[in-house]
Amino acid sequence: MTRTVYLNGDYLPETEAKVSIFDRGFLMSDGVYEVTSVLGGKLIDFAGHCARLGRSLSELGMAAPCSDAELLAIHRELVTLNDITDGMIYLQVTRGNPGDRDFAYPPADTKPTLVLFTQNKPGLADAPAAKTGWKVISVADERWGRRDIKTTQLLYPSMAKMMAKAAHVDDAWFVEDGMVTEGTSNNAYIVKGNRIITRALSHDILHGITRAAVLRFAAEAQMEVEERNFTIAEAQQADEAFVTSASAFVMPVVEIDGAAVGTGAVGHLVPRLREIYLEEMAKAAI
Ligand code: PMP
């Protein structure tokens, strides 16, 4: 089945959706994005993604391409047209096509480019890795200083993913000034006893939608939550570790830089948190 994608008001076969070479997204990575999961044909935490998209756009002085209600309708139409049960919807907004290349932003009335497409991932919530856990390596965090804005500037995270692949592990954790910031495309956590420790929100990390939900559910389940920095050495000595993202959900981490975390096998608290997260988010899906 040919994928149907969305581009600036039209639903098109993927081969017919074309964006200008002058688009600011192409020339300057002047764009922001969101990735919303679909489980059982329904959108997970759509409101959270809309709120963050609004924040990213406003931090960059970029106009919203349409209302949240219109975005919801487009997401739902793409789920239907592409017959998605489980998967993801990628959304990107760029500052549009000013017709030439210039560092200065184009006039505010330049039409933003809005692109959405689906990724079909049957069984997304049943990833086998959730049973065995991820292995990660640490790498220097050499990204820009506004990681709280979800921009399409993803070259350094891609390089880090390739470093992880070269090391035959699943992902990389960024380290800055001796402290873990986050994973290549996820937020990072350690567990000590009943306590979950994760870096506090700032410009240094993406404000994960999954992070917000998981910390809320953890507190409701009488787990303690501490938002503070931690080192790789502390993580290696923790009882458990994990990452969160809108498509990996809650994923255990069992090895960091070759050292086993806890027993080196998936522990107890992280799978419970994953179960709670998936249950609660499925109930609230729209
Ligand atoms: N940090 C980074 C750098 C990311 O790219 C992502 C995924 N977009 C996350 C954290 C997790 O965010 P979310 O839970 O909203 O997917």
Side-chain angles (χ1 to χ4, degrees), residues 29 31-39 43-57 59 71 75 87-93 116 119 121 124-125 127 130 134 136-164 170-176 179-190 196 198-218 225 227 229-230 241-253 270 273-274 276-278 280-281 284-285:
S29 293
V32 298
Y33 74 107
E34 286 295 328
V35 182
T36 303
S37 275
V38 179
L39 292 178
L43 304 167
I44 302 294
D45 207 352
F46 184 74
H49 288 287
C50 267
R52 184 171 56 192
L53 176 65
R55 181 177 179 280
S56 294
L57 290 168
E59 289 296 307
L71 282 184
H75 277 75
M88 279 107 77
I89 303 183
Y90 177 87
L91 170 157
Q92 179 170 326
V93 185
L116 288 94
Q119 293 182 294
K121 304 272 177 192
L124 179 65
W134 279 3
V136 303
I137 52 167
S138 61
V139 306
D141 198 337
E142 295 183 354
R143 297 173 298 164
W144 78 322
R146 288 301 305 273
R147 302 158 194 156
D148 57 311
I149 309 173
K150 198 165 168 60
T151 79
T152 55
Q153 277 192 117
L154 295 174
L155 188 52
Y156 190 72
S158 293
M159 287 169 70
K161 196 77 186 177
M162 295 313 289
M163 294 178 217
D170 302 285
D171 202 18
W173 278 13
F174 294 127
V175 175
E176 186 171 59
M179 299 292 170
V180 174
T181 51
E182 58 188 330
T184 57
S185 57
N186 45 65
N187 292 112
Y189 310 72
I190 58 174
I196 295 167
T198 194
R199 194 175 175 108
L201 296 181
S202 70
H203 288 177
D204 299 339
I205 62 170
L206 187 76
H207 300 188
I209 299 302
T210 320
R211 178 188 184 282
V214 160
L215 294 187
R216 193 171 70 239
F217 297 143
V225 173
E227 293 179 73
N229 289 353
F230 59 87
F242 63 102
V243 295
T244 63
S245 77
S247 49
F249 310 116
V250 177
M251 182 60 70
V253 169
V270 176
L273 204 49
R274 180 181 171 92
I276 296 172
Y277 174 80
L278 285 171
E280 293 298 322
M281 295 318 271

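Just follow the structure's listing: the first ligand is 1, and inside any ligand the first atom is 1.
Considering backbone and side-chain N/O atoms, Ile209 comes within less than 3.5 Å of an N/O atom of ligand 1. At least one N/O-N/O distance between Arg52 and ligand 1 falls below 3.5 Å.
The atoms of ligand 1 that sit less than 4.0 Å from any heavy atom of Asn187 are 10 (C), 11 (C). In the vicinity of Ser185, heavy-atom distances shorter than 4.0 Å reach the ligand 1 atoms 2 (C), 4 (C), 5 (O), 6 (C), 7 (C), 9 (C). Which parts of ligand 1 touch Ala246 is read off a 4.0 Å heavy-atom cut-off, strictly below it: atoms 13 (P), 14 (O), 16 (O). The ligand atoms of ligand 1 that sit less than 4.0 angstrom from a heavy atom of Lys150 are 7 (C), 8 (N).
The pair Glu182-Arg143 counts as a salt bridge, with a side-chain nitrogen and a carboxylate oxygen less than 4.0 angstrom apart.
Under the 30°/60° scheme for interplanar angles, the aromatic rings of Phe46 and His75 are found to stand perpendicular. Phe230 and Trp173 have perpendicular rings, their planes meeting at more than 60° on a 0 to 90° scale where under 30° would count as parallel.
Proximity of Leu273 to Ile196: side-chain heavy atoms (C-beta onward) are separated by under 4.5 Å at one or more points. Between Ile89 and Val38 the shortest side-chain heavy-atom distance falls below 4.5 Å.
Residue contacts with ligand 1, taken as heavy atom pairs separated by less than 4.0 Å, involve Thr210 via backbone and side-chain atoms alike. By the criterion of a heavy-atom distance under 4.0 Å, the backbone of Thr244, and not its side chain, is placed next to ligand 1. The proximity of Arg143 to ligand 1, defined as any non-hydrogen pair under 4.0 Å, is limited to the side chain. Here Thr184 has backbone heavy atoms under 4.0 Å from ligand 1, and that is the only part of it that gets that close.
Counting protein heavy atoms only, atom 2 (C) of ligand 1 is closest to Glu182 OE1, 3.5 Å.
Side-chain atoms of Lys161 come within 3.5 Å of backbone N or O of Asp170 as a donor-acceptor pair.
Between the side chains of Thr184 and Asp171, a donor-acceptor pair is found at a separation under 3.5 Å.
Looking at Gly183, Ala248, Gly208 and measuring to atom 12 (O) of ligand 1, the nearest heavy atom belongs to Gly208.
Exactly one of Arg211, Arg55, Arg199 qualifies for a salt bridge (charged side-chain N to carboxylate O under 4.0 Å, His left out) with Asp148. That residue is Arg55.
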